[in-house]
Amino acid sequence: MHKKLALIMVIIITLALTGCGSTSSSGDGQTPAKIQKVNIATGTTSGAYYPIGNALAKIWSDKVPGVKASAQATEASAANMNFLQQNEAEVAFTMANVAVYAYEGQDTFKGRANKDLRGMTFLYPNVTQIVVRKDSGINSLKDLEGKRFAPGATGSGTVTNSKEVLGAYGLNFWETDKSNVKADYVGFTEASELLKNKQVDAANFSGAMPLAAIMDVSNSIDIKLISLEPEIIKEIVTQYPFYYEVVIPKGTYKGQDEEVHTVALANLLLTRADLSEELIYDLTKGIYENLPDLLNAHSITKNIKKEDSNKGMGPLPLHPGSIKYFKEVGIMK
């Protein structure tokens with residue numbers, strides 16, 4: 001009888017220790033593996049950040065042990081910097097200008113500098129693409145005075161980009177007492193519809209090229225992309241060193257029969273200083289060992305190269321985890 005009771009006790013204790021198989025283990029009989037959740041703050045669903053972010057989430061979830069990643073649609077850059085500061089995201093897409101402003105506490109981030117922002121990697125150029133209806137009579141941004149303009153969604157880096165570019169022309173849509181352009185703060189999808197329906201005269205689609213939202217508009221109406229004058233490009237680049245001149249090749253969009261001269265700045269992937277070196281090393285490695293998977297998400301990712309890892313970061317320091325990876329592959333010393 002005592003032997004039977006002892007056997008029963010052994011079985012009960014064994015079941016308690018194994019949790020009846022309900023807890024996943026690390027496979028070595030040791031402590032169960034801890035799952036690290038990674039929320040990626042991306043952008044609107046019609047921009048490039050969102051599909052690339054979803055591809056990253058799949059790569060990290062499938063190929064980085066212990067990571068469960070998900071992509072969140074957001075209003076993009078400025079909103080994403082807030083998500084990082086509030087610990088509501090582990091990784092975020094952003095335009096370089098917004099990243100610098102958030103880090104240093106400038107522009108809309110005045111009084112709340114976030115010195116805990118850390119760079120992961122440069123991604124690809126973010127191109128200023130001002131689109132108008134072909135019959136609008138707008139041939140230069142100076143013609144936007146008194147017109148209706150979609151500068152981007154509230155909380156997006158596109159709005160900041162619009163301020164910097166239109167400001168070079170003496171145009172203002174963001175200050176009520178100085179406004180000479182009427183703004184409709186909407187995302188790319190809504191801006192596309194407003195252009196089609198003649199409810200705005202122009203829109204800024206700041207992002208990758210080709211951009212799905214612009215392609216959508218060009219399939220419905222005749223459009224024109226506006227070039228910036230050489231002296232304006234020089235002024236913007238001088239005042240905001242994170243910009244550089246770029247050319248949109250003719251034929252990039254339907255009906256675009258000439259080159260368009262504009263400006264671009266870096267798109268960056270950022271994270272937080274409090275995240276471990278090991279985690280960010282694994283995530284950074286996961287990006288560069290699976291670039292073909294990103295290319296399937298958006299053709300712009302062909303511009304992602306290890307050699308450009310620190311490009312466009314400005315004063316932002318790289319995370320130690322990213323530095324460890326770039327040193328390992330010989331990109332940094």
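E278 CD: 12 or fewer foreign heavy atoms inside a 6.0 Å radius.
E229 and S140 share a side-chain donor-acceptor pair at under 3.5 Å. No hydrogens or angles considered: nothing links the side chains of N172 and N180 as a donor-acceptor pair under 3.5 Å. Under the 3.5 Å distance criterion, with hydrogens and angles disregarded, a donor-acceptor pair is assigned to the side chains of N80 and T74. T121 and Y288 are linked by a side-chain donor-acceptor pair at a separation below 3.5 angstrom, with hydrogens and angles left out of the test. Defined by atom type and a distance below 3.5 Å, a donor-acceptor pair is missing between the side-chain atoms of N114 and R272. No side-chain donor-acceptor contact under 3.5 Å links E235 and Y169. If you check the side chains of S206 and N161, you find a donor sitting under 3.5 Å from an acceptor. Between the side chains of E88 and N39, no donor N or O sits under 3.5 Å from an acceptor N or O. Side-chain contact of N267 with Y49: a donor-acceptor pair under 3.5 Å is present, judged by distance alone.
Partner of Y281 under the side-chain hydrogen bond (donor to acceptor under 3.5 Å, both in side chains) criterion, chosen from K324, H319, E328: E328. The side-chain contact (heavy atoms from CB on, under 4.5 Å) test with Q199 singles out one residue from N197, L195, D201, and that residue is N197.
Cation-pi geometry between K285 and Y325 is not satisfied (NZ or CZ under 6.0 Å from the ring centre, within 45° of the ring normal). Annotation: cation-pi geometry satisfied between K311 and F122 (NZ/CZ under 6.0 angstrom from ring centroid, within 45° of ring axis). In this structure, K305 is not positioned above the aromatic face of F326 in the sense of NZ or CZ being under 6.0 Å from the six-membered ring centre and within 45° of the axis.
You'll find the side chain of Y103 reaches within 4.5 Å of the side chain of P317, heavy atoms only.
Taking 4.0 Å as the cut-off between side-chain N and carboxylate O, D222 and R133 do not count as a salt-bridged pair.
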